[in-house]
Structure formats: structure tokens, C-alpha cells
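To keep things clear, I will list the structure first and then write my remarks on it.
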2 protein chains.
Amino acid sequence: MSTAKGVRARARIEVTAAIKDEARRQLAADGASKLSLRAVARELGMVSSALYRYFPSRDDLLTALIIDAYDSLGEAAEAAHAEAGDVAPARRWVAVCEAVRGWALAHPHEYALIYGSPVPGYTAPETTIPPAARVGVLFIGIVRDAYQRRGVARTPVPAELEPEARRMAADLAPDLPPEAVVALVAAWSQLYGLVGFELFGQFNRVVEDRAAFFRHAAARLADGVGLVFP
Amino acid sequence: MSTAKGVRARARIEVTAAIKDEARRQLAADGASKLSLRAVARELGMVSSALYRYFPSRDDLLTALIIDAYDSLGEAAEAAHAEAGDVAPARRWVAVCEAVRGWALAHPHEYALIYGSPVPGYTAPETTIPPAARVGVLFIGIVRDAYQRRGVARTPVPAELEPEARRMAADLAPDLPPEAVVALVAAWSQLYGLVGFELFGQFNRVVEDRAAFFRHAAARLADGVGLVFP
DNA sequence: CGCAAGCAAGAGCAGCGCTCTCGATTGTGT
DNA sequence: ACACAATCGAGAGCGCTGCTCTTGCTTGCG
């Protein structure tokens, strides 16, 4: 039935979505810390206290937006990966990196929400973990594919890191060599250094042609992971 | 004279410092967005309006804290560099990276203030540029030193990036090869990806032995810049 | 059909950044 | 040396925030 579960449940879903939409609008306009429950309620023509029936606190609304942001980013990355098709893993790696950058530039405040400083006094709940992992999983898949095709160039890790490297590989990708997993995780985090610096103005007066700079840096990141360009 | 400029000017300096100290305390305790002018004033035994004689707005207080944070980080990095002495540039590079990480772990909220998402609606004034550049300048010096001693390993940049690479080199370090400057800037930003991910919890359930992981990643960063370990 | 659950509305509390006014104190030019 | 100007702390107040509690109306299940 289209009205299964009754009018009330349907209304709840719609109102919840409307709240998130309006909140996302304000987030994109003014940033996370200016997001106001009262303003959202006002814009929706309801009184502020009514909003607490849907989100028990401002932080809960933010959490919902965070999950959506992770999913939106993950979707963009996966779409770019799919669109790249069956090209060499190194090229797919760069395509995903550029998708991450593109999404960040298009949604700066949402990017700041998930990869900038966590909202003070706020710790993300478990629910955010799976969507947050999507881009990482994608990278693992690319490296795995490269490894299965013709192997990856390996850079040995120092002795002090060997146990940790084995533990990481066991947790994240048991079929990949530990050195590759270490390189992968490092490159993964470094990607967000590149994106964050561009987004938060650290490249002002330093890098001008940021698209070209990023493309090159992403390719070198791929290189560092052991992917080769044909 | 020790009382030159009169009692009033002296008092102003002391009160300004007291305000910044208390603000820094609250920043370290609860983060930037919970920093409240009223709470600072309360703690200092003054009324909130009196505080506006010293900082015209909350953002101005934050700006003062940002500059101090950049200087504190720069100082820590420079101290680590000096302490490393005359070892190989690659080792000094890693020492500075570890100093940045150490400072960030010791001052998480101040790190978030300067390298996390910028406080929404707030754009840093020109005054913050020189202190913000200190760590970068340090890295340039290290690479320059390596270059003058025995050269650096160069990775060519693609044709599309060549003009920008030349421009960056002319701006930042005219005596260094453009490829090295590009690699340097990339590594510089990537360092903050590593640090930020550890600090903001992105490494939870991914990397456990973070010190060893970081040391290795920093060494590989140095490698990417063309520095060689003896 | 009746009763419990779900819901919007309104009032209210404590906190915030910021402004303005009012005396008191301090520094300076004549 | 004295008067005038600049500086400062205190207090009241404005409009905003997140959040709570109570009051009725609406919906849906037994």
C-alpha cells in the first residue's frame, strides 16, 4: 500500500526529510555552527519546540547531516569510479581522488562538517562508521584489483611497523600485502590534506592552478601506493 | 623606565594577556565554538561589556588565539629542527613532521582552530599570514639545504603543470627546481592530512600504533620530496 | 467507540554576543 | 596646577540561541 503504516508515519517521514533539507540549506549557506534549530523551524512554519519531536537535539540533527554527507561523498566517489570504467587502476585512483575534491569544492561546509574539526563537544556515534568508510573501501578495491592483475610495487616498512602493518592488513584487506595496506592508508589520509588545504584557504598565495596541481599530486599518491600508469 | 607609558598602558597589556590566557584555557577545555566572552569575563571577575574594551568582538579574540597558535606550532617545529642539529635533511624533515604531530596532539583544539574547518563566517585577516608560514618556511629551508649539499631527487611534472610549477618556484624558492617545489608543497599539505586524521578520529579502528605509522609516513613524505636517507 | 500515543503550540529559563549609557579614574595640554 | 579629554568598569538591555514543560488537539489501535 502507498499509505501503509498510516498517514501519521508518512507525515513523520516527510517532515523529517523537510527538516533535513532546510537544515542542509542553512548548513551550505552559513556553516555548521550557524545552523539554528529555531531558524529551521521558522523557515518551515513551525514552532521550535515542535522540531524536538523529530530530532532530540541539535547534535542529533547534525549527526543526520553528517551521515548524509558521508553518503553523498561516497556516492560521488563510487559514481566516478564506475564512470571511469575498466581503465588501469592508477587512473581509477586518480578519478576517485578528483571526485572527492570535486565534491568537497561543491559542498565545502558539508566537507568541513565531516573532515574538518569535529563539532566541539561532539563525538560521532557508531552509526556514522559505515558511510564514512565508503571512500576507503573504494580505494581498497582499486588496489586489490591492481594487485590481482599484475601486483603492486611494494615499499618495505621498517621493523618497528611490521606488527602493526600485519594487524592493519588483517583488519582491512587480508588478501593484500601489509606494505601495500600501510601505503594505502597513508595515501588515503594524505588525500584529505590536499583537499583540506585547498578548501580552507591554506593554498591562497601558494597554489594557483589547483586543478592541475591536484591531478599531479593524486597521481603521485597512486604511485606511492604502488599503482603504475601504463 | 619600567613604568614607562604609565600605569594605564601597563594594566592594559596585563589585562589583555589575562584575557587571552583564560580564553586559551577555555579553548583547550571545550573547543572554539564553546569559547564564550561572558565566561571569560566571569572567570576574570569582570563584567562582559568591559571585555569589549580589549577585543572588539569574539572573532577578534579568536584571531589573537589563532596567531598565537601558529606561533606556538612554528616555535615547536623550529625548536625540533634546531635540536636535530646537523643530521641529514631527510632526518630533519621527519623531526619537524613529528614535532608538528606532537604539538597537534598536545593542543588539539588549537590545531583544530588553525587547520580544521575555519570558524564559519570567519575569514582570517592578513595578520595571520606570516606566523602561518613558519612551518612551511622551515620545510623550504630543509629542502634548500639538501639541494645545495648534493641535490634532490626530482620527479618531473606533467606539461600541464609546468607553468604553475615555475610560478610557484619563483614565488616560494627561486633557487630550487620547480619540480622540487611542487613536491614540497604537496608533501606539506599531505602532512596535515596525516595529522588531522589521527587527531579527528579518522584513524580509529584503522591505525593503532600511530607513532610508528606516522614516522614511516613522514619518512616516505621526505622521500617524495627527493630527500634521501643516508 | 474509547483511550493511549503522537503531535503542534506557547510560555519560559538560562545562556550568548553585542550596544549604550553612566560615573570614576587617569593622562595631557595650557 | 587645573581643566578638559581619553579611557575604563559596571550595569541594563536587545535579540538571539538550545532546550524543557505544560496544554490541548488529532490520530490510530484494541
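Not measured: the values here are computed from a predicted model. Quick note on labels: first sequence line is chain A, next is B, and so on, each numbered from 1.
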Output all residues satisfying ring pair (Phe, Tyr, Trp, His ring centres under 6.0 Å) with A/His81, sequence neighbours left out; order by chain, then residue number. none

I'd like to check the ring pair (Phe, Tyr, Trp, His ring centres under 6.0 Å) partners of B/Phe200; sequence neighbours left out, ordered by chain and number. none

Residues in residues 19-28 of chain A with a heavy atom under 4.0 Å of DNA chain D, by number, are none

Please list, chain by chain and in numerical order, all residues satisfying salt bridge (charged side-chain N to carboxylate O under 4.0 Å, His left out) with A/Arg25, sequence neighbours excluded. A/Glu22

Between A/Asp60 and A/Thr63, is there a side-chain donor-acceptor contact under 3.5 Å, judged purely by atom types and distance? no

Once ring-ring contact (aromatic ring centres under 6.0 Å, His included) is applied, what residue pairs with a partner in residues 29-70 of chain A remain, sequence neighbours excluded? A/Tyr70-A/Tyr115

For the pair made of OH in B/Tyr54 and P in D/dT7, what is the distance, rounded to whole Å? 12 Å

Distance, rounded to the nearest Å, where A/Asp60 contributes CG and D/dG18 contributes C1': 13 Å

Got a list of side-chain donor-acceptor pairs under 3.5 Å for residues 39-46 of chain A, not counting sequence neighbours?
none

B/Ser117 and A/Ser117: side chain donor to acceptor below 3.5 Å: yes

Whole angstrom value for the distance that separates C1' of D/dG9 from CZ of B/Arg12: 13 Å

B/S/- along nucleotides 17-25 of chain C (protein heavy atoms under 4.0 Å) is BBBB----B

What is the distance, rounded to the nearest whole Å, between atom CZ of B/Arg10 and atom P of D/dC8? 15 Å

Qualifying salt bridge (Lys or Arg N to Asp or Glu O under 4.0 Å) pairs with a residue from residues 98-107 of chain A, counting only residues at least two apart or across chains: A/Glu98-A/Arg215, A/Arg101-A/Glu198

D/dT20 P sits how many Å from A/Leu51 CG, rounded? 13 Å

Salt bridge (Lys or Arg N to Asp or Glu O under 4.0 Å) partners of residues 72-81 of chain A, not counting sequence neighbours, each pair once: A/Glu78-A/Arg134

Rounded to the nearest Å, what distance is computed from the CD1 atom of residue B/Ile13 to the P atom of nucleotide D/dT7? 15 Å

With heavy atoms under 4.0 Å as the rule, sort A/Phe55 into base, sugar-phosphate or nothing. nothing

Take atom CE of B/Met46 and atom P of D/dA10, then tell me their distance rounded to the nearest Å. 7 Å

Nearest-Å distance, CD (B/Glu14) to P (D/dT7)? 19 Å

